[in-house]
Amino acid sequence: MQKLTEGAKNLGLILTSQQLEQFHSYYEELIKWNERVNLTSITKYEEVQVKHFVDSLTVLLALTEIPIGLKVIDIGSGAGLPGIPLKIVFNQINLVLLDSVAKKTAFLKHLVQYLGLDDVEVITGRAEEIAHQPQYREQFHLALSRAVAKLRTLVELTVPFCQLGGTVIAQKKGKIQAETDQATKAINILGGKLREVKKVNLTGLPDQRYLVIIDKISHTPHDYPRRPGLPAHRPI
């Protein structure tokens, strides 16, 4: 796990031997399950360390602290990224992993148990529906999403989960200016405010990578998110 260790150091993290063992076990289970469940196209040992694990941890560049009991939801979690790497490093957070594909959530449930992670809930469902349930709506300090949808669609899928004062961190690649411009209306309607688009510069991550950071400043109107499919097919 040399690449992960180096990448973590660049983020100001010193990983323990137990954490490195958990990441190694994560890799092994990811590759094993990937043979029957489409979890990732990136499978080489060093590439997974950098492009999945270190990349997931770059969300820390948008945070000043990780307090005990921080409530985090990872929307469209897929293979558990970025939520699981964050949980391995900061065990004190309360984490919800949400994905609409049952095969992927089966992997996530297995992985959480296999790695011995506490205070992690795995949900199978659509964000458009789960965000209307009282136990999840506006309940989280932090909503994360990685490679899920265009920003103006993603805003409708993430902001409703954040409590007032909470934050959305969307991990994006490529040219981002047009996406943020197109998402301005959605951000305002959903109760958010764009704080920053932060460029990620880390060795081994050659692509243009950004963290889009949105603060929740007002309650999301009850009509949002709209029914499943509408945020993608008819974005605000």
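- Atom NE2 of His110 sits in a crowded spot, with more than 12 heavy atoms from other residues, nucleotides or ligands closer than 6.0 Å.
- Glu29 contributes no side-chain N or O that, together with a main-chain N or O of Leu111, makes up a donor-acceptor pair within less than 3.5 Å.
- Using modelled atom types, no side-chain atom of Asn38 and backbone atom of Asn34 make a donor-acceptor pair closer than 3.5 Å.
- Under the 3.5 Å distance criterion, the side-chain polar atoms of Asp74 are matched with a main-chain donor or acceptor of Gly83.
- Across every non-hydrogen atom of Pro82 and Ser56, the tightest pair is CA-OG, 3.3 Å.
- Surrounding CD of Gln113 are at most 12 heavy atoms belonging to other residues, nucleotides or ligands under 6.0 Å away.
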- Give the C-alpha distance, both sets of side-chain angles, the deciding distance and a yes or no for salt bridge (charged side-chain N to carboxylate O under 4.0 Å, His left out) between Arg126 and Glu128. CA-CA 5 Å; Arg126 295 288 296 254; Glu128 298 98 322; 3.1 Å; yes
Side chains of residues 221-234: which donor-acceptor partners sit under 3.5 Å, not counting sequence neighbours?
residue, atom, partner, partner atom, Å
Arg226, NE, Glu156, OE1, 3.4
Arg226, NE, Glu156, OE2, 3.0
Arg226, NH1, Arg234, O, 2.9
Arg226, NH2, Glu156, OE1, 2.8
Arg226, NH2, Arg234, O, 2.7

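- The two residues Leu30 and His52 come nearest to each other via the heavy atoms CD2-CD2, 4.4 Å.
- Residues passing the ring-ring contact (aromatic ring centres under 6.0 Å, His included) test with Phe23 are Phe53, sequence neighbours excluded.
- The heavy-atom pair separating Leu115 from Tyr26 by the smallest distance is CD2-N, 4.0 Å.
- Taking both residues in full, the closest heavy atoms of Ser145 and Thr158 are given as CB-CG2, 4.2 Å, listed atom of the first, atom of the second, then distance.
- Between Lys150 and Pro235, the closest side-chain pair of non-hydrogen atoms is not below 4.5 Å.
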Scan the side chains in residues 58-73 for donor-acceptor partners under 3.5 Å anywhere in the protein, sequence neighbours excluded, and list what turns up.
residue, atom, partner, partner atom, Å
Thr58, OG1, Asp55, O, 2.5
Thr58, OG1, Gln171, NE2, 3.4
Lys71, NZ, Gln139, O, 3.3

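- Closest of all the heavy-atom pairs between Gly192 and Ile214 is CA-CG2, 4.0 Å.
- The closest donor-acceptor contact from the side chain of Arg146 to the backbone of Leu81 lies at 3.5 Å or more, if one exists at all.
- Across Asp99 and Thr105, no two heavy atoms sit closer than the pair O-CG2, 3.6 Å.
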- Message: Does Gln177 form a side chain to side chain donor-acceptor pair (under 3.5 Å) with Tyr210? I'd like the steps, not just the answer.
- Response: CA-CA 11 Å; Gln177 186 63 53; Tyr210 299 90; over 6 Å; no
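- Looking at heavy atoms from C-beta onward, Lys185 lies in side-chain contact with Ile189 at the 4.5 angstrom threshold.
- Not a single donor-acceptor pair under 3.5 Å links the side chain of Lys172 to the backbone N or O of Arg209.
- Under the 4.5 Å side-chain contact rule for hydrophobic residues, Ile187 and Leu211 do not share a cluster.
- For the pair Gln49 (side chain) and Leu4 (backbone), a donor-acceptor distance under 3.5 Å is present.
- Formation of a donor-acceptor pair under 3.5 Å by the Glu138 side chain with backbone atoms of Thr220 is found in this model.
- In this structure, His24 and Tyr45 have perpendicular ring planes: the angle between them is above 60°, well past the 30° mark.
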- Message: As a quick check of understanding, evaluate side chain to side chain donor-acceptor pair (under 3.5 Å) for Glu6 and Gln2, giving each step before the final call.
- Response: CA-CA 6 Å; Glu6 293 172 355; Gln2 182 179 353; 2.9 Å; yes
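- Among Val120, Ile123, Ile75, the one residue that satisfies the side-chain contact (heavy atoms from CB on, under 4.5 Å) test with Val96 is Ile123.
- A side-chain donor-acceptor contact under 3.5 Å links Gln19 to the backbone of Thr16.
- Using a 4.5 Å cut-off on side-chain heavy atoms (C-beta onward), Leu57 and Val89 make contact.
- Here the side chain of Lys193 pairs no donor or acceptor atom with the backbone of Asp215 at under 3.5 angstrom.
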